[in-house]
Amino acid sequence: MPAYSITEVETIDREAAREYVRLARAAVGHFGGRYLVLAASPTAAEGEWSGNRRLVVIEFADMATLRTWYDSVEYAPARALASKALRRRLLFVEGYDAQQQTGE
């Protein structure tokens, strides 16, 4: 079942953020991840959303692959840079499997 990394992010250092993106993209690709949403500015239909926050959604084959990516040596340089470059909330969630829910 696919798994998703969902990040709410605000840039605090533009140059460091550019380097973070470069490093993170390489690591995501290494683990077969696929960006579904990249630094998009959402429109809040309900509730509030800060205008300077962006949204990133990355799909991985499964939760094990997502966690392996996050803890990997390939992602470690980007992860180390993240606290300098970004203010973020990072969530991991499994996708919905309709066949599993219906028992087919």
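Every heavy atom of this structure was used, including side-chain atoms; hydrogens, water molecules and symmetry mates were not. All of these numbers come straight from a predicted model, not from anything done at the bench.
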Distance-minimising heavy-atom pair for Ser83 and Ile12: O-CD1, 3.7 Å

Grab the two heavy atoms, one from Thr11 and one from Ala17, that are nearest each other, plus how far apart they are. CG2-CB, 3.8 Å

Nearest atoms (heavy-atom pairs only) where Ala16 meets Leu81: O-CD2, 3.4 Å

Heavy-atom check, side chain of Arg53 versus side chain of Arg87, under 4.5 Å: yes

List, one per line, each side-chain donor-acceptor pair under 3.5 Å for residues 27-39, sequence neighbours excluded.
from	atom 1	to	atom 2	distance (Å)
His30	NE2	Glu74	OE2	3.3
Arg34	NE	Glu59	OE1	3.1
Arg34	NH2	Glu59	OE1	2.8

Side-chain heavy-atom pair Leu90, Ser5 within 4.5 angstrom cut-off: yes

Selection residues 40-49 - residue pairs positive for side chain to side chain donor-acceptor pair (under 3.5 Å), sequence neighbours left out: Ser41-Arg54

If I take atom CD from residue Glu10 and atom CG from residue Leu86, how far apart are they, to the nearest 0.5 angstrom? 9.5 Å

Pairing residues for Thr68 by the side chain to side chain donor-acceptor pair (under 3.5 Å) criterion, not counting sequence neighbours: none

State which residues pass side chain to side chain donor-acceptor pair (under 3.5 Å) with Arg67; sequence neighbours excluded, sorted by chain then number. none

Contact summary for Pro42 and Ala40, nearest pair of heavy atoms: CD-O, 3.2 Å

Mind checking whether Tyr75 and Tyr20 have parallel, tilted or perpendicular rings, split at 30° and 60°? perpendicular

Pairs flagged by salt bridge (Lys or Arg N to Asp or Glu O under 4.0 Å) wherever residues 12-21 is involved - sequence neighbours left out: Glu19-Arg22

Which hydrophobic side chains are connected to Val73, either touching it within the sub-4.5 Å cutoff or through other members that do? none

Within 6.0 angstrom of Arg25 CZ, more than 12 heavy atoms from elsewhere: no

Using side chain to side chain donor-acceptor pair (under 3.5 Å) as the criterion, list what pairs up with Asp71, not counting sequence neighbours. Arg79

Do Leu91 and Thr7 come close enough that some side-chain heavy atom pair is under 4.5 Å? no

Show your working on side-chain contact (heavy atoms from CB on, under 4.5 Å) between Val56 and Ile6 and close with a plain yes or no. CA-CA 6 Å; Val56 178; Ile6 302 171; over 6 Å; no

Residues at least two apart in sequence or cross-chain that pass ring-ring contact (aromatic ring centres under 6.0 Å, His included) with Phe60, listed by chain then number, are Trp69

